[in-house]
Amino acid sequence: MRPDSFASRLLSWYRQHGRHDLPWQHNPTPYRVWISEIMLQQTQVVKVLDYYPRFMARFPTVADLAAASQDEVLQLWAGLGYYTRARNLHRCAQAVMALGGEFPVGSQSEMEALPGIGRSTAAAIRAFSTGQRATILDGNVKRVLTRYAGIEGWPGQKTIEAQLWQLAEDLTPQQDVAAYTQAIMDLGATLCKPRQPACPRCPHQQQCVAYATDQTACLPTPKPKKTRPQKERHFLLLEHQQQWLLERRPDQGIWGGLWSLPEFATSAGLQAWLAERALTGRLEAQPQIEHAFTHYQLIIRPWRLRLGAQSLIDGPVTASSDAPAQIWYDPQQPAALGLPAPIEKLLQAQRAAQQGQLF
DNA sequence: AAGGCGGGGCA
DNA sequence: TGCCCAGCCTT
């Protein structure tokens, strides 16, 4: 191993600062390593330290685990969460017994064929229990490598993940693979943390691209926000003597209790509402506005209708008792009303457009 | 309350 | 094959 390689720097750091006293690091048989890896996938080390000894005491060997009832396995797992994986654990033990009672640690592909064991976990078990050269890529390692090499793009994306696997394999040393594997996981867990990484204590500070380019905070690239569902709503801009009709919204739902434009699910609904009130005139579609909520995106489709001075008495448009409260609103003399920001913006834009027309 | 997580599962 | 989800925990 070259003395200034990624692996040698990492191993030096690990010998001095890594954890060497975890229960599964002693007597690292495939069975003991496997149980720890599955537990650690979903749980922090402190909690695993609580569960692991009890589990191993009850099921000292893979044969004991395979022979147990699923209920008993789940009982010892209770509180760790992700119970699908406890069921896989049980199924996997039985699969190993069907193979003769030994994990097929010599073969990556045979390991991956076992229930609950994928590429990274298979490699971890092989590296820790046999020292064979095998490469892991879990969340910690992804974070270390994206920063170290300055790899941009969401690591869940196929091309990025393939790049990371390639890099991970390239950096895996020929010797000391077990220690190296533990070391890179420890580095990610203790120094190269998601937030506020301890770069001054990192053995790779001089070589780290993210550190050099001040990108540690934005790498790994976060998962793209999934496109929120879109809701289209039609809003009526009913104008009368330079005022607009507002309705008080119900207390429940978005903009509860605020004053807003009459809202409709469809343009047909809007037209029916106008027809019921014998409100006629030219209905003009206005440019749509998009407004993002946390759980969906609202497409505001405004429709403007100018009422002639003679066509309406001053007062509410609807008089029935269960109808929403209504007022005429003059943006030039705004009353102390709560208006949703996008509605306020829409009204201001209308006013600006009208003033523009005057000149 | 939103994102992270290894593998499973479905298209 | 490739994409998305389950289910719990942390920030």
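Order of the sequence lines fixes the chain letters, A, B, ..., with proteins taken first and strands second; residue numbering starts at 1 for each chain.
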[N] [atom2] sits how many Å from [X] [atom1], rounded?
X: I117(A); N: dC5(B); atom1: CD1; atom2: C1'; answer: 17 Å
X: I38(A); N: dC5(B); atom1: CD1; atom2: C1'; answer: 13 Å
X: L40(A); N: dG4(B); atom1: CG; atom2: C1'; answer: 16 Å
X: L114(A); N: dG7(B); atom1: CG; atom2: P; answer: 12 Å
X: I136(A); N: dC5(B); atom1: CD1; atom2: P; answer: 13 Å
X: R119(A); N: dG2(C); atom1: CZ; atom2: P; answer: 13 Å
X: E161(A); N: dC5(B); atom1: CD; atom2: P; answer: 11 Å
X: R87(A); N: dG9(B); atom1: CZ; atom2: P; answer: 11 Å

Give a yes/no on whether any side-chain N or O of T121(A) is located under 4.0 angstrom from OP1 or OP2 of dG7(B).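 Yes, T121(A) has a side-chain N/O under 4.0 Å of OP1/OP2 on dG7(B).
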Would you kindly confirm whether [X] and [Y] end up in one hydrophobic cluster when ILVMFWY residues are joined by side chain heavy atoms under 4.5 Å apart?
X: V209(A); Y: L145(A); result: no
X: I117(A); Y: W77(A); result: yes
X: L114(A); Y: L40(A); result: yes

With the side chain of [X] defined as its heavy atoms from C-beta on, choose the nearest nucleotide among [options].
X: Y83(A); options: dC8(C), dG7(B), dG4(B); value: dC8(C)
X: Q41(A); options: dC5(B), dC3(C), dG7(B); value: dG7(B)
X: K223(A); options: dG4(B), dC3(C), dG7(B); value: dG4(B)

Start at the 5' end of DNA chain B and walk down; is the nucleotide closest to W154(A) or to R91(A) reached first?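 Of the two residues, W154(A) wins.
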Plane angle bin for H204(A) and Y148(A) - parallel if under 30°, tilted between 30 and 60°, otherwise perpendicular: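 Taking H204(A) first and then Y148(A), their aromatic rings stand perpendicular (interplane angle over 60°).
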Going by salt bridge (charged side-chain N to carboxylate O under 4.0 Å, His left out), name the residues that satisfy it together with R54(A), two or more places apart in sequence or in a different chain.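 So R54(A) forms a salt bridge (charged side-chain N to carboxylate O under 4.0 Å, His left out) with D50(A).
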Sequence neighbours excluded, which residues qualify as salt bridge (charged side-chain N to carboxylate O under 4.0 Å, His left out) partners of R306(A)?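 Listed in chain order: E239(A).
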Does P194(A) reach a base, just sugar-phosphate, or nothing at all? Heavy atoms under 4.0 Å.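 Answer is nothing: P194(A) stays at 4.0 Å or more from every strand.
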Please write out each protein N/O paired with an N/O of nucleotides 9-11 of chain C under 3.5 Å, distance rounded to 0.1 Å.
| from | atom 1 | to | atom 2 | distance (Å) |
| --- | --- | --- | --- | --- |
| dT10(C) | OP1 | Q44(A) | OE1 | 3.0 |
| dT10(C) | OP1 | Q44(A) | NE2 | 2.9 |
| dT11(C) | O3' | R195(A) | NH1 | 2.5 |

Using 4.0 Å as the upper bound for N to carboxylate O, is an ion pair formed by K231(A) and E263(A)?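 Salt bridge flag = no for K231(A) with E263(A).
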